[in-house]
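Read through the structure below, which is laid out as structure tokens, and then see the notes.
Keep in mind that the numbers below use all heavy atoms, side chains included, and drop hydrogens, waters and symmetry copies. Please read these numbers as outputs of a predicted model, since none were measured by experiment. Both counts, for ligands and for their atoms, begin at 1 and track the order of listing.
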Amino acid sequence: MNLFEQMGWLGHEQLVLCSDPSAGYRGIIAIHSTALGPAVGGTRWWVYPSEEAALVDAIRLSRGMSYKNALARLPLGGGKSVILGSTGPVDRRAVLRAHGRFIERLGGLYITGEDVGTTPDDMEVMAETTRFAAGRSGGSGDPSPHTGRGVFRAMQAAAAFRWGSDDLRGKSVAIQGCGNVGYHLARQLAAVGARLLVSDIDPAKVNRIVAEFGATEVAADQIHTIAADVFAPCALGGILHDASIGGLRAAIICGGANNQLLEPRHGQVLADKGILYVPDYVANAGGVTYGGSVEVLKVTPAQAAARVDQIFETTLMVLERARAERVPPSEAADRLAEERIRSGKLD
Ligand code: NAD
């Protein structure tokens, strides 16, 4: 990999490689941009197949955070850190404390939080060695109710854009993945009288939504091809590709999963098929918007919740720009984010 070329191409500011053999720790902190504020993004703890895979993940995820924060109008930049896990025995506290020490050295340029493989309790441990660990047990709490709310607001905006009304009563929504985000999205949709079709590979997760919200279960391999008004991917990334798009029957795609498009060009493939796609990082910004607002900007919970609800306006702005510039919404969102990052201004 030509590292500097890759950093320049994606617009990264700084990559920090961290090592403390005495703690069994290897980590990477990627700061994509601080143009709008300190770089915010969680710590992912993962067993990577190679060092290069860890580096690519940190680079890709930190850029995604810059775009997500910029679109959410948060005066925050984008960063991400990864801890390279191993399959052998590990002293979790020692690793987390070491990671915290390296974050502290950056003096606030990077603020972390939980991500895949880390928990609020882990943030408590990191907070022993750094002031820059958010998402602690006593902080803004579980982000997923806010992420679910944000996806719901984005879906209302897409409905207004597509059908002339944001009312989702009677609309059928196929939710792929009934985990944290899927559950909270289902709750919001059930409250306004939407018809729910749900799938998960874990039967217990499906049963909960069926029992609580009267949803209909659909086989996991059929959820994206079912006849529904909206398809809401809330499980894995990369699920929108040539083969899956061919089978889609929904008019709108709006869900919480990260990195839904397998490749950027799939935004155009969806548009060509007449499917309205709400870019994932626009729809799923509720969690970071709430947490960032409460913990970094120090606004009240009510003000933070109001910011989450503004995902409605942001979604409409992106969809209208896409129409005006004749580009897919994924491209319109990227353009808006890049403009804000380049200018250092949020409006
Ligand atoms: P989760 O682990 O609680 O839920 C994911 C669910 O998807 C699990 O129940 C899992 O069994 C299910 N699943 C996996 N493969 C599946 C398949 N093939 N078909 C159907 N279901 C399948 O995770 P989550 O916190 O709900 O996050 C879901 C997605 O949203 C992830 O992509 C995550 O990165 C993204 N996201 C989450 C948040 C948040 O606040 N939790 C914020 C932004 C983005």
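Between the side chains of Gln222 and Thr225, no donor N or O sits under 3.5 Å from an acceptor N or O.
Considering only non-hydrogen atoms, atom 32 (O) of ligand 1 lies nearest to Ala235 out of Gly150, Ala235, Gly237. Comparing Asn258, Val198, Leu185 against atom 33 (C) of ligand 1, the shortest heavy-atom distance belongs to Asn258. Heavy-atom proximity to atom 19 (N) of ligand 1, evaluated over His224, Gln176, His184, is greatest for Gln176.
A salt bridge links Glu325 and Arg321; the closest N-O separation between the charged side-chain nitrogens and carboxylate oxygens is under 4.0 Å. Checked for salt-bridge contact, Arg335 and Glu331 meet the test: a charged N lies under 4.0 Å from a carboxylate O. No salt bridge links Asp229 with Arg195; every basic N to acidic carboxylate O contact stays at or beyond 4.0 Å. The pair Arg101-Asp20 meets the salt-bridge criterion, since a charged nitrogen lies less than 4.0 angstrom from a carboxylate oxygen. Under 4.0 Å is where a charged nitrogen must lie from a carboxylate oxygen, and between Asp115 and Arg44 at least one such pair does.
Interface atoms of ligand 1 facing Lys205, defined by a heavy-atom separation under 4.0 Å, are 9 (O). Ligand 1 places these atoms under 4.0 Å from at least one heavy atom of Pro143: 40 (O).
The closest approach between Ser144 and ligand 1 falls below 4.0 Å for a heavy atom of the residue. In this structure, Gly256 is part of the shell of residues with a heavy atom less than 4.0 angstrom from ligand 1.
On a distance-only criterion, Asn284 and ligand 1 share no N/O pair closer than 3.5 Å.
Using bins of under 30°, 30° to 60° and over 60° for the plane-to-plane angle, the ring pair Tyr67/Tyr281 lands in the perpendicular bin.
Under 4.0 angstrom from ligand 1, the non-hydrogen atoms of Asn180 come from both its backbone and its side chain. The residue Val116 has no part lying near ligand 1, judged by heavy-atom distances below 4.0 Å.
When each of Glu13, His12, Met7 is tested with His32 by the rule side-chain contact (heavy atoms from CB on, under 4.5 Å), just one qualifies, namely His12.
Here the heavy atom of the protein found nearest to atom 9 (O) of ligand 1 is Asp200 OD2, 2.7 Å. Among protein heavy atoms, atom 5 (C) of ligand 1 sits closest to Cys234 O, 4.0 Å.
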